[in-house]
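Notes follow the structure.
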Amino acid sequence: VMVATYKEAMDVIIDLFQDSWNRGNSDNIKPIVVDIASTDPERGKRIDMKKHDYVMVFETAHNEEVPEMLYDFVTTRVNITVDARTTRNRNRLKLMENEIRRLVHSKRKGDGVNYDRLVYKTRTDLSDRSKHLFRMTFQIEVIVFAELIP
């Protein structure tokens, strides 16, 4: 039985945001990065928007394509939703957006081990001014070419 030793797509994105976020680009504030599927007890599912900005990450879709002629391999495409939230102001959200975009583009060519492409796909503004919540979601695709089928 072959066991995958590479990082899951979710971990690629979470590690990128946690390790490489440049607080100098976002008012010297680094958001808390949360995998919403995680069951870590310390934070639970409640978030305190008064104290922190958040970047929540979850997998939205996972598909495999079989290239013609090469039936032992698949191209895997994993769609990750990145949900950035702040209660500060619109400008803070814009800075968070720019940093997310910068990070994804900085790693778009892949790391040669865990994934081959990182694609910044779509952005949706879901801000609700009446609740003073500034929120954007992004679709990011993590692509692995010619992954061997176990």
Side-chain angles (χ1 to χ4, degrees), residues 3-67 73-147:
V3 177
T5 54
Y6 51 84
K7 271 189 206 179
E8 289 290 330
M10 282 282 294
D11 295 327
V12 165
I13 299 296
I14 289 167
D15 292 349
L16 173 62
F17 292 161
Q18 284 179 338
D19 301 342
S20 304
W21 191 280
N22 183 343
R23 50 177 58 235
N25 293 336
S26 56
D27 280 348
N28 209 22
I29 291 174
K30 185 176 177 180
I32 293 175
V33 179
V34 181
D35 172 355
I36 67 161
S38 153
T39 53
D40 293 344
E42 76 274 0
R43 273 197 206 104
K45 293 290 177 254
R46 294 181 68 88
I47 59 174
D48 187 349
M49 294 292 304
K50 287 186 181 77
K51 285 193 180 133
H52 301 285
D53 296 341
Y54 283 85
V55 171
M56 289 176 264
V57 183
F58 51 98
E59 187 177 301
T60 332
H62 181 121
N63 33 308
E64 293 184 359
E65 303 157 9
V66 180
F73 297 93
V74 290
T75 294
T76 305
R77 296 175 179 272
V78 182
N79 251 53
I80 305 285
T81 298
V82 175
D83 185 338
R85 301 178 182 198
T86 182
T87 55
R88 304 291 194 292
N89 53 46
R90 182 137 210 95
N91 187 54
R92 168 68 59 72
L93 182 65
K94 189 74 188 159
L95 293 174
M96 290 171 73
E97 173 196 0
N98 289 346
E99 184 63 1
I100 288 167
R101 192 162 174 264
R102 182 190 74 80
L103 287 168
V104 172
H105 283 299
S106 76
K107 302 292 183 189
R108 69 181 176 265
K109 290 182 180 161
D111 62 6
V113 179
N114 300 299
Y115 67 102
D116 296 302
R117 292 285 181 277
L118 209 52
V119 184
Y120 177 93
K121 289 171 66 175
T122 61
R123 177 195 87 189
T124 309
D125 192 332
L126 296 172
S127 297
D128 183 340
R129 280 177 185 72
S130 66
K131 292 192 176 99
H132 208 70
L133 172 67
F134 302 95
R135 177 182 177 206
M136 262 185 205
T137 60
F138 308 87
Q139 295 300 319
I140 294 166
E141 193 171 49
V142 182
I143 305 171
V144 179
F145 296 127
E147 184 179 353

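Everything numeric here is computed off the predicted structure, so don't read it as measured data. In this chain, numbering begins with 1 at the start of the sequence shown.
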Which residues satisfy the side-chain hydrogen bond (donor to acceptor under 3.5 Å, both in side chains) test with Asp125, sequence neighbours excluded? Arg90, Ser127
Pairs where residues 82-104 contributes a residue and the test ring pair (Phe, Tyr, Trp, His ring centres under 6.0 Å) is met, not counting sequence neighbours: none
Is there a side chain to side chain contact (heavy atoms under 4.5 Å, CB included) between Phe145 and Arg117? Walk through the geometry before answering. CA-CA 8 Å; Phe145 296 127; Arg117 292 285 181 277; 3.8 Å; yes
Would you please name every residue forming a side-chain hydrogen bond (donor to acceptor under 3.5 Å, both in side chains) with Thr75, sequence neighbours left out? none
Check whether any side-chain heavy atom of Trp21 lies under 4.5 Å from a side-chain heavy atom of Ile100, and answer yes or no. yes
Taking all heavy atoms of Thr76 and all of Val78, pick out the closest pair and write down the distance. CG2-CG2, 4.0 Å
What's the shortest heavy-atom distance between Ala84 and Met96, and which atoms? CB-CE, 3.9 Å
Please enumerate all residues that pass side-chain hydrogen bond (donor to acceptor under 3.5 Å, both in side chains) together with Asn25, with sequence neighbours excluded. Glu99
If you measure from CD on Glu141 to CZ on Arg77, what distance do you get to the nearest 0.5 Å? 5.0 Å
What pairs meet the ring pair (Phe, Tyr, Trp, His ring centres under 6.0 Å) rule with one or both residues in residues 81-103, with sequence neighbours excluded? none
Set of side chain to side chain contact (heavy atoms under 4.5 Å, CB included) partners for Lys107, sequence neighbours left out: Leu16, Tyr115, Leu118
With sequence neighbours left out, what residues match Asp83 under side-chain hydrogen bond (donor to acceptor under 3.5 Å, both in side chains)? Arg85, Arg135
Side chain to side chain contact (heavy atoms under 4.5 Å, CB included) involving Phe73 - partner list, sequence neighbours excluded: Leu70, Ala146, Leu148
Selection residues 74-112 - residue pairs positive for ring pair (Phe, Tyr, Trp, His ring centres under 6.0 Å), sequence neighbours left out: His105-Tyr120
Got a donor-acceptor contact below 3.5 angstrom from the Lys30 side chain to the Gln18 backbone? yes
Rounded to the nearest 0.5 Å, how far does CD of Glu97 lie from CZ of Phe138? 5.0 Å
So, using side chain to side chain contact (heavy atoms under 4.5 Å, CB included) as the criterion, who are the partners of His52 when residues are at least two apart? Ile32, Tyr54
If every non-hydrogen atom of Met49 is compared with every non-hydrogen atom of Arg88, which pair is closest and at what distance? O-NH1, 4.1 Å
Distance, nearest 0.5 Å, that separates CG of Leu95 from CG of Asn28: 11.5 Å
Taking ring pair (Phe, Tyr, Trp, His ring centres under 6.0 Å) as the test, write out the residues that go with His62, two or more places apart. none
Return yes when atom CZ of Arg101 has more than 12 non-hydrogen atoms of other residues, nucleotides or ligands closer than 6.0 Å, and no otherwise. no
Minimum heavy-atom distance Asp53-Thr86, with the two atoms named: OD1-OG1, 2.6 Å
Here's a test for you: under side-chain contact (heavy atoms from CB on, under 4.5 Å), which of Ile14, Asp35, Ile140 qualifies with Val57? Ile14
Can a donor-acceptor pair be found, under 3.5 Å and without considering hydrogens, that links the side chain of Asn22 to the backbone of Gly24? yes
Partner residues of Thr81 under the side chain to side chain contact (heavy atoms under 4.5 Å, CB included) criterion, sequence neighbours left out: Phe58, Thr60, Thr137, Gln139
Would you please test Arg92 and Ile29 for side chain to side chain contact (heavy atoms under 4.5 Å, CB included) and show each step? CA-CA 9 Å; Arg92 168 68 59 72; Ile29 291 174; 3.1 Å; yes
